[in-house]
Amino acid sequence: MSTASILAVALLAGCGSAGAGTGGPEEGDGTLPNYVPLTFAEPDVPGINGAPDGYTQLPAEFERQFPEAPGSGGTYTAMTPLWGAVPKTDGNQYLESVNEAMGTTIDFQITDGTTYGDKLAAVLADQSNIPDWVSIPTWNFPPRFGQAVGTLFEDLTPFLAGDAVAAYPNLANIPTDAWRSCSWNGKVYGIPFPAAAGQRNAAFYRSDLLPDAELPTTAEEMLEFVEENHADGHWGSNDLWIFATAMFGVPSKWKVVDGELVHRVETQEYRDALQWMADLYATGAVHPDAVADNAADGKQRFESGDVVITADGVGAWHEALSKMRPADPEWDMAALPYFAAAGGDPVLYKSDAASMCSYLKATDDDAQIEELLDAANFLAAPFGTEENMTITNGVEGVHYELDQNNAPVKTDLGRTEVQPTFMFLVAPPEIVADPEKPDYVEARVKWQNETTLHEVEEPFYGMRVTEPNQFASLDQPFADLEKDIARGRKNMEDLDSAIETWRTSGGEELRTLYQEILDGEADEIADESAEVDE
C-alpha cells in the first residue's frame with residue numbers, strides 16, 4: 001500500500017481506539033519558539049495576562065517595518081476557509097498589493113467555511129494535491145490527523161524552536177500558548193492564528209434600557225435580574241446556557257478528580273447548570289422564540305430591545321454597536337461581570353490560544369520553507385505598522401479612505417476584495433481598536449482583563465487530541481437533552497439515563513484513551529502511529 005493510500009485510510013476511516021491522541025511540547029523544554037513581544041503603538045487600554053490591548057485612537061503615523069520586500073519571488077498555493085462571499089482571486093488588487101509588498105506570491109484556493117472540513121479531508125487524503133500552505137481551523141482536524149501530520153506537513157521545529165525564531169521577529173511576537181496549540185507529537189508543525197486570553201462568550205444586557213440596573217452577583221440574583229426586567233414590553237432574556245455553564249464552572253470536556261477523568265456530563269457542575277436553566281425557563285421571562293429554539297433571530301431580538309439580556313460571543317459586541325449606533329447614537333450594551341453561582345470568584349476555563357493553525361507542505365527544499373516563513377513573518381506584522389495596515393485594510397484610496405478620526409472606511413471595492421485570506425494563514429496578537437467607539441474599546445478590554453484573573457486550564461489545555469471517528473457523535477444526544485431539560489420536557493432522571501448510555505456506548509473507552517494521555521502514555525501512542533506510516 002502506498003504512503004498516500006495509508007494516509008487516506010488513516011484520515012478518512014479513523015478506525016481503532018489507539019493512536020488517536022497526540023500531545024504538544026511543554027513550555028520551557030526548548031521546542032516552542034521563544035516569546036519576544038513587539039510594540040509599535042502603545043495601547044490606550046492595556047490588556048493583562050494575554051488579553052488584547054485596546055486602542056481608542058489610531059497612530060498618527062504607521063511605522064514601516066520592512067524597507068524592502070522580504071520574499072525571494074516564489075509562487076505558492078494556499079488553502080483557506082471563508083465565511084461569506086468568496087472574492088475573485090484573479091485580478092484582485094488587494095491580493096496583488098500584499099503579494100507585491102511581501103515579495104512572494106500566494107495563490108489562494110478559498111473554500112466556503114461551512115463545508116471546509118469536508119474539502120479538507122478530501123485534499124489531505126491525496127498527498128499530491130495538498131497546497132503549499134494550508135489553514136486548518138481547530139474544529140476541522142480530520143480523524144487521526146496527529147498521526148499523519150508528520151508525513152503531510154513540514155516539522156517547523158528546526159526553523160523556529162527556542163532562539164531560532166529570532167530570525168522571524170513577528171512570529172516571535174506570537175505568545176507561547178498559541179504555538180503550543182499548533183504542535184503535535186512534541187513538535188511545532190503549525191503557524192498560529194492566535195486568539196487573545198480572556199473569555200470569548202458573555203452575557204450582555206441593554207445598558208441603555210437598564211441604566212440603573214443593580215447587577216447580579218449570584219445565580220439566584222441572576223434569575224431575579226432576568227425576571228424583574230421582563231417588563232414594560234420587554235422580554236427578560238434569550239437562552240443563557242453559555243452564561244450558565246460559566247457561572248457553574250462546567251468544564252468543556254474533562255475534569256480531573258483524584259487523578260481520574262470525569263466527563264463534563266458527569267459533573268455536579270453540569271447538573272446544577274441544567275437545573276438553573278430549567279428554573280430560568282420556568283420564570284416565563286425567556287422570549288417565546290428562544291423557547292422555540294429559534295437562535296437565528298436572537299441577535300435581532302436583543303438589538304431591537306425585544307429582549308434585554310442575551311448571551312453571545314464577545315465579537316457580537318462590536319458587531320451590534322456598529323449596526324445600531326449610526327441610527328441611534330444612544331444605543332448601548334454591556335457585558336455582565338462573571339461570578340460564581342454561589343457568589344464570589346468564578347472558575348473560568350481558558351479557551352484555545354489559537355483559533356486556527358496553518359501548515360506548510362512537507363518538502364526537502366529548505367529554501368521553500370524559509371521563504372514561506374519569511375512570508376508568515378511579514379503577514380504577522382503587528383498593529384502600528386504600515387504592513388499591518390495594508391494586510392488589514394488594503395490600499396488607501398483603493399480599498400479604504402481615512403475619516404476624521406484617521407480610521408479606515410472601506411470603499412465598495414474594499415468590501416468586496418479585502419477578506420480574511422492572509423490573516424487565516426497567520427496573524428499578529430489580537431487587539432481591540434476603534435476610534436469611533438472608545439467607550440466600547442475601554443469596556444471590552446477591561447471586561448476581558450477581569451476574566452483572565454479567574455481562568456484555569458483544563459487537563460488537556462494546549463494539547464491536540466484527535467479522536468477516532470467512532471466517538472464523533474457520542475456527545476450529540478446531550479445537545480438535545482440540554483434544551484429539553486431547560487424547557488421542562490425532560491428531567492434529571494433522563495440525564496442519568498443518558499449518562500449511562502454514554503458510558504456503555506463508548507464513553508468509558510474514550511475516558512481510557514484520554515486517561516492514557518493524561519498518565520503520560522502518549523509517547524507509546526505516537527510510536528504506534530510512526531510504525532503505521534512507514
Side-chain angles (χ1 to χ4, degrees), residues 33-44 46-47 50 52-74 76 78 93-106 133 156 159-160 163-176 178-179 191-196 354 358 360 367 369-400 402 406-408 414 417-435:
N34 287 343
Y35 176 49
V36 184
L38 283 175
T39 300
F40 286 88
E42 292 296 333
D44 304 295
D53 286 331
Y55 295 87
T56 59
Q57 54 189 346
L58 301 188
E61 294 185 0
F62 291 87
E63 185 171 338
R64 186 172 183 181
Q65 191 183 23
F66 293 87
E68 297 179 355
S72 306
Y76 305 94
Q93 295 181 63
Y94 165 67
L95 299 180
E96 290 172 353
S97 66
V98 176
N99 282 334
E100 182 178 355
M102 191 161 56
T104 296
T105 298
I106 303 297
W133 201 348
L156 301 178
F159 301 90
L160 299 174
D163 290 336
V165 76
Y168 311 98
N170 290 340
L171 298 184
N173 183 43
I174 296 175
T176 303
W179 288 105
I191 304 170
F193 175 74
S358 66
L360 306 184
I369 298 301
E370 288 166 357
E371 179 168 14
L372 287 173
L373 287 175
D374 279 333
N377 185 53
F378 179 92
L379 295 174
F383 179 78
T385 63
E386 289 185 6
E387 291 79 6
N388 178 273
M389 191 70 170
T390 300
I391 295 162
T392 304
N393 299 294
V395 179
E396 183 178 358
V398 177
H399 298 106
Y400 70 92
L402 293 176
N406 204 32
E417 290 193 339
V418 182
Q419 299 292 339
T421 47
F422 293 104
M423 67 183 71
F424 280 170
L425 294 175
V426 59
E430 182 184 358
I431 54 103
V432 180
D434 191 338

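Computed from a predicted model, the values in this text were never measured in an experiment. All values below come from the heavy atoms of this structure, side chains included, with hydrogens, waters and symmetry mates left out.
In this structure, the side chains of Glu96 and Asn99 stay at 4.5 Å or more apart for every pair of heavy atoms. Residues Phe40 and Glu386 are not in side-chain contact: their nearest non-hydrogen atoms beyond the backbone lie 4.5 Å or more apart. Leu95 is not listed as a side-chain neighbour of Ile106, based on a closest heavy-atom distance of 4.5 Å or more. Between Thr104 and Asp374 there is no side-chain heavy-atom pair separated by less than 4.5 Å. By the 4.5 Å heavy-atom criterion applied to side chains, Phe383 and Pro59 are counted as neighbours.
The distance from the CG atom of Leu402 to the CG atom of Asn393 is 8.5 Å, given to the nearest 0.5 Å. In this structure, the separation between OH on Tyr35 and CH2 on Trp179 is 13.0 Å, given to the nearest 0.5 Å. Atoms CZ and CG, on Phe159 and Leu373 in that order, are 7.0 Å from each other to the nearest 0.5 Å. The CZ atom of Phe62 lies 10.0 Å from the OG1 atom of Thr390; values are rounded to the nearest 0.5 Å. To the nearest 0.5 Å, atom OH of residue Tyr400 and atom OG1 of residue Thr392 are 9.5 Å apart. Between atom CG of residue Leu58 and atom CG of residue Asp434 there is a gap of 8.5 Å, rounded to the nearest 0.5 Å.
Ring geometry, Phe66 versus Phe378: the interplanar angle falls from 30° to 60°, so the pair is classed tilted.
Here the shortest heavy-atom pairing between Ala376 and Val426 reads O-CG1, 3.6 Å. When all heavy atoms are compared, the tightest approach of Pro33 to Thr176 is O-OG1, 4.2 Å. The minimum heavy-atom distance linking Pro428 with Pro382 is given by the pair CB-CA, 3.9 Å. Summarising the geometry of Pro169 relative to Asn377, their closest heavy-atom pair is N-OD1, 3.3 Å, with the distance given to 0.1 Å. Across Ala354 and Ala178, no two heavy atoms sit closer than the pair CB-O, 3.9 Å. For the pair Ala427 and Met423, the tightest heavy-atom approach, listed with the atom from each and the gap, is CB-O, 3.9 Å.
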Could you walk me through whether Val98 and Leu379 pass the side chain to side chain contact (heavy atoms under 4.5 Å, CB included) test, one step at a time? CA-CA 9 Å; Val98 176; Leu379 295 174; 3.9 Å; yes
Start with the C-alpha gap between Gln419 and Phe424, add the side-chain angles, then the distance that decides, and say whether side chain to side chain contact (heavy atoms under 4.5 Å, CB included) holds. CA-CA 10 Å; Gln419 299 292 339; Phe424 280 170; over 6 Å; no
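For the residue pair His399 / Gln93, no side-chain donor-acceptor distance below 3.5 Å is found, with atom types taken as modelled. Side-chain N/O atoms of Asn170 and Gln65 include a donor and acceptor closer than 3.5 Å.
Remark: the backbone N or O of Leu38 is paired with a side-chain donor or acceptor of Asn173 at under 3.5 angstrom. Side chain of Asp53 to backbone of Pro43: no donor-acceptor contact under 3.5 angstrom is found. A donor-acceptor pair is defined here as one N or O able to donate and one able to accept, closer than 3.5 Å; no such pair exists between the side chain of Asn388 and the backbone of Gly384. Of the possible polar contacts, one joining the Glu371 side chain to the Ser72 backbone as a donor-acceptor pair under 3.5 Å is found. For the pair Asn406 (side chain) and Gln57 (backbone), a donor-acceptor distance under 3.5 Å is absent.
For Glu100, the CD atom counts as loosely surrounded, since its 6.0 Å shell holds 12 or fewer non-hydrogen atoms of other residues, nucleotides or ligands.
For Glu430, the salt bridge (Lys or Arg N to Asp or Glu O under 4.0 Å) test picks out Arg444, with sequence neighbours left out. Phe422 pairs by the ring pair (Phe, Tyr, Trp, His ring centres under 6.0 Å) definition with Tyr94, Phe108, not counting sequence neighbours.
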